[in-house]
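Some notes on the structure that comes next.
All figures in this text were calculated on a predicted structure; none of them were measured in a lab.
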Amino acid sequence: MNLEELNRLFVDANNHYVNNDYHNALIKYEQVLSYDKENVVVWHNYGLTLIKLERYEEGILALDLPIKSGYTESYLSRGSAYRSLGKYQDAINDFGKAFLQDPTNAKAYSNYGNSLREFGMPELAITFLKTSLKLDPTDQVTRLNESIAYLLAGDFKNGWMNYDARWFYQSDKSFKPQLPGEEYNGTQNISGKIVCVYCEQGFGDSIQFIRYIKVLQQLGAKILLITRPQLVNLFQYNFPDIDIRTTYNDLAYHFHVPLLELPKCFNTNIYTIPYPNSYLSVSNFLTKKYEKQLGNKTKKRVGIVWSSNAVAFITRFRQVPLESLLQTLADADCEIVNIEFDISDEERELLNKYNVKIVEQGGFDDTAALTKTCDVVVTVDTVYAHLAGALGVPTYVMLADYGMDWRWFLKRKDSPFYNCVKLFRQHGDSNWLSVFHDIKSELKSST
């Protein structure tokens, strides 16, 4: 193969990569490398493709030659692979080497700072994120990570400041709904006015911050709420006097505002979070329906949730081993109820093995009713934690060492968002067994 053909093959591989066709990109990079074994750039792209295919260990090995050749971008790529494997110290080392080698590389400072944040050091992370923003003020990902670092540290004032960068998450363009009219910012008189509040992000975010509807109502506002269909019944029961929609069609209002902008509008800090007690409820009819299905309660009833959203990168560290959890709870002399909505056949078999009660659920109002039948909910960090907390059900949230969500802050054993929540953190060893035993001790002591 001559040089022109080789270059054409390399360009073709790059095109596959840009179009997210990583499988064919990998094949063509391999073909190029079979003729040009010492090409640093091709090895870098090859390693990056392996990482995109989640073949992290292979990707790390492929980047060895470019790194030895002083290729800065390969430090960043290998650091990202280490981060995906949960090897944060190795990731931080690589990101640090990248900006030491190239002090003007904004992405190196950004990745270094973000890894520090995910590793539980937000105050230290902020310095590097700010350095990155000085080098590249337009980087929305870094703006968002700086915002989250402040929030994780409990600094709401600075945290809310750049939180609008969330609208650019994994996108070059804002996906914020472009509604006509004036956006509410907390200064306008809204007494007797219609405020259109639209939910955003995940179910957990909507449930956690729906409390601000009550704050708006206290100011005399009439509410037009846009939310996801799965939450309509739950929210309609709790706010029967508001207009709830699931689309943006035919809206009439005086002001509009995103739900997660309201903490900023009301200058919320960690000590002024509204309604830390229960602010959601569910109908007695639904609760009695599940009480009947579960039968008479003879022991403390513990609802369990062990799995988080598998799509998001960081939640891979929030998947707890189900059988180990069940084994530990079996020693706590309690009745266990499954609250997890979507369970596999293998998981169902394990639940049956440990006599866990399983009932069918519909929407979030059904899950809320099932949750209300429990004395305690034991859950990994997910929407169920926010639902149980909003309902005022005693809730034990299991938290991983890595990638901690800012909503639970650092080192705390309680939550300023929910008075009924207790936090059980890994002990710096990424091990869930110690968390399970802490929860078992708490269950036994509170019997």
Side-chain angles (χ1 to χ4, degrees), residues 122 126 133 140 143-169 174-228 231 235 238-245 248 251-280 386 389-390 405-409 415-419:
I126 289 166
L133 286 171
Q140 298 292 347
R143 283 186 67 233
L144 177 60
N145 288 334
E146 183 201 35
S147 169
I148 293 173
Y150 275 120
L151 292 171
L152 180 60
D155 182 349
F156 280 15
K157 181 178 180 180
N158 285 305
W160 300 131
M161 194 177 301
N162 284 330
Y163 197 55
D164 62 300
R166 68 192 183 277
W167 295 112
F168 294 87
Y169 182 69
S174 172
F175 57 87
K176 180 180 181 181
Q178 298 303 303
L179 299 186
E182 186 177 350
E183 182 167 325
Y184 178 65
N185 61 22
T187 65
Q188 302 98 323
N189 181 1
I190 55 175
S191 181
K193 305 294 185 181
I194 300 173
V195 178
C196 175
V197 180
Y198 50 95
C199 294
E200 48 174 303
Q201 302 188 54
F203 293 120
D205 299 291
S206 297
I207 291 170
Q208 181 179 10
F209 291 99
I210 201 68
R211 67 183 79 205
Y212 280 92
I213 295 298
K214 293 189 174 187
V215 181
L216 291 170
Q217 288 178 321
Q218 286 176 340
L219 294 173
K222 298 176 182 178
I223 308 299
L224 168 61
L225 177 68
I226 303 174
T227 190
R228 294 166 74 176
L231 290 168
F235 288 167
N238 284 276
F239 303 100
D241 53 345
I242 71 174
D243 185 1
I244 299 183
R245 312 279 187 89
Y248 289 86
L251 303 178
Y253 54 82
H254 297 96
F255 302 98
H256 60 84
V257 64
L259 181 64
L260 270 71
E261 202 68 18
L262 290 173
K264 179 181 178 181
C265 291
F266 296 117
N267 297 313
T268 303
N269 62 46
I270 202 167
Y271 304 107
T272 62
I273 295 170
Y275 301 101
N277 295 316
S278 61
Y279 53 89
L280 293 182
H386 296 290
D405 194 312
W406 70 263
R407 293 157 181 81
W408 309 116
F409 307 106
S415 168
F417 283 104
Y418 310 104
N419 287 341

Worksheet item: Which of these passes side-chain contact (heavy atoms from CB on, under 4.5 Å) with V195: L225, I190, L262?
Response: I190
Item to complete: Check whether any side-chain heavy atom of P122 lies under 4.5 Å from a side-chain heavy atom of W406, and answer yes or no.
Response: no
Worksheet, complete the sentence: Nearest heavy-atom contact between L224 and A252 is CD2-O, 3.9 Å
Fill in: Derivation and outcome, side chain to side chain contact (heavy atoms under 4.5 Å, CB included), residues Y253 and K222
CA-CA 9 Å; Y253 54 82; K222 298 176 182 178; over 6 Å; no
Fill in: S415 OG to F409 CZ distance, which is reported to the nearest 0.5 Å
7.0 Å
Worksheet item: Does any N or O in the side chain of H256 come within less than 3.5 Å of the main-chain N or O of G181, such that one atom is a donor and the other an acceptor?
Response: yes
Discussion item. Would L219 and F266 count as a side chain to side chain contact (heavy atoms under 4.5 Å, CB included) here? Give the steps.
Written reply: CA-CA 11 Å; L219 294 173; F266 296 117; 3.6 Å; yes
Worksheet item: Under 3.5 Å, is there a donor-acceptor pair between the side chain of S147 and the main chain of G159?
Response: yes
Practice prompt. Find the distance between CD (Q140) and CG (N162) and round it off to the nearest 0.5 Å.
Written response: 8.5 Å
Worksheet item: Which residues pass the side chain to side chain contact (heavy atoms under 4.5 Å, CB included) test with I126, sequence neighbours left out?
Response: K130, A149, Y150
Worksheet item: Can any side-chain N or O of D155 pair as donor or acceptor with the backbone N or O of N158 at less than 3.5 Å?
Response: yes
Practice prompt. Write down the atom of R245, the atom of L251, and the distance for their closest heavy-atom approach.
Written response: NH1-CD2, 3.6 Å
Worksheet entry | Euclidean distance, I210 CD1 relative to D205 CG, rounded to 0.5 Å | 11.5 Å
Discussion item. With rounding to the nearest 0.5 angstrom, report the NZ to CG distance, K214 to N238.
Written reply: 7.0 Å
Worksheet, complete the sentence: Minimal heavy-atom distance between R166 and E200, with the atoms involved, is NE-OE1, 2.7 Å
Worksheet item: Does some side-chain heavy atom of F255 sit less than 4.5 Å from a side-chain heavy atom of K193?
Response: yes
Fill in: Nearest atoms (heavy-atom pairs only) where P276 meets P416
CB-O, 3.7 Å
Fill in: Contact summary for L259 and C199, nearest pair of heavy atoms
CD2-SG, 4.0 Å
Worksheet item: Can you tell me if S191 and N189 form a side-chain donor-acceptor pair at under 3.5 Å?
Response: no
Fill in: Shortest non-hydrogen separation from T227 to F235 and the atoms involved
OG1-CE1, 3.7 Å
Discussion item. Please determine whether side chain to side chain contact (heavy atoms under 4.5 Å, CB included) holds for the pair T268 and I273, giving the CA-CA distance in whole Å, both sets of side-chain angles, and the decisive distance to 0.1 Å.
Written reply: CA-CA 6 Å; T268 303; I273 295 170; 4.0 Å; yes
Worksheet item: Is any side-chain heavy atom of D241 less than 4.5 Å from a side-chain heavy atom of Q217?
Response: yes
Worksheet item: Considering only heavy atoms from C-beta outward, does the side chain of P274 approach that of Y279 to under 4.5 Å?
Response: no
Worksheet item: Which distance, rounded to the nearest 0.5 Å, do you find between the CD of Q218 and the OH of Y212?
Response: 12.0 Å
Worksheet item: Does the distance from a Lys or Arg side-chain N to an Asp or Glu carboxylate O, for D164 and R143, drop under 4.0 Å?
Response: yes
Worksheet item: Is the Y418 to H386 ring centre distance short of 6.0 Å?
Response: yes
Discussion item. I'd like to know if the side chain of Q188 and the backbone of E183 have a donor-acceptor N/O pair within less than 3.5 Å.
Written reply: yes
Discussion item. In the structure I gave you, are the side-chain heavy atoms of N269 and K157 within less than 4.5 Å of one another anywhere?
Written reply: no
Discussion item. Please determine whether a side-chain nitrogen of the Lys or Arg among E261 and K176 lies less than 4.0 Å from a carboxylate oxygen of the Asp or Glu.
Written reply: no
Discussion item. Is any side-chain heavy atom of P177 closer than 4.5 Å to one of Y198?
Written reply: yes
Practice prompt. Flag this pair as yes if the NZ/CZ of K264 is under 6.0 angstrom from the six-membered ring centre of Y163 and inside a 45 degree cone about the axis; otherwise no.
Written response: no
Item to complete: Determine, stepwise, if the pair Y248 / I226 fulfils side chain to side chain contact (heavy atoms under 4.5 Å, CB included).
Response: CA-CA 7 Å; Y248 289 86; I226 303 174; 3.4 Å; yes
Item to complete: Drop me the distance from F203's CZ to R228's CZ, to the nearest 0.5 angstrom.
Response: 3.5 Å
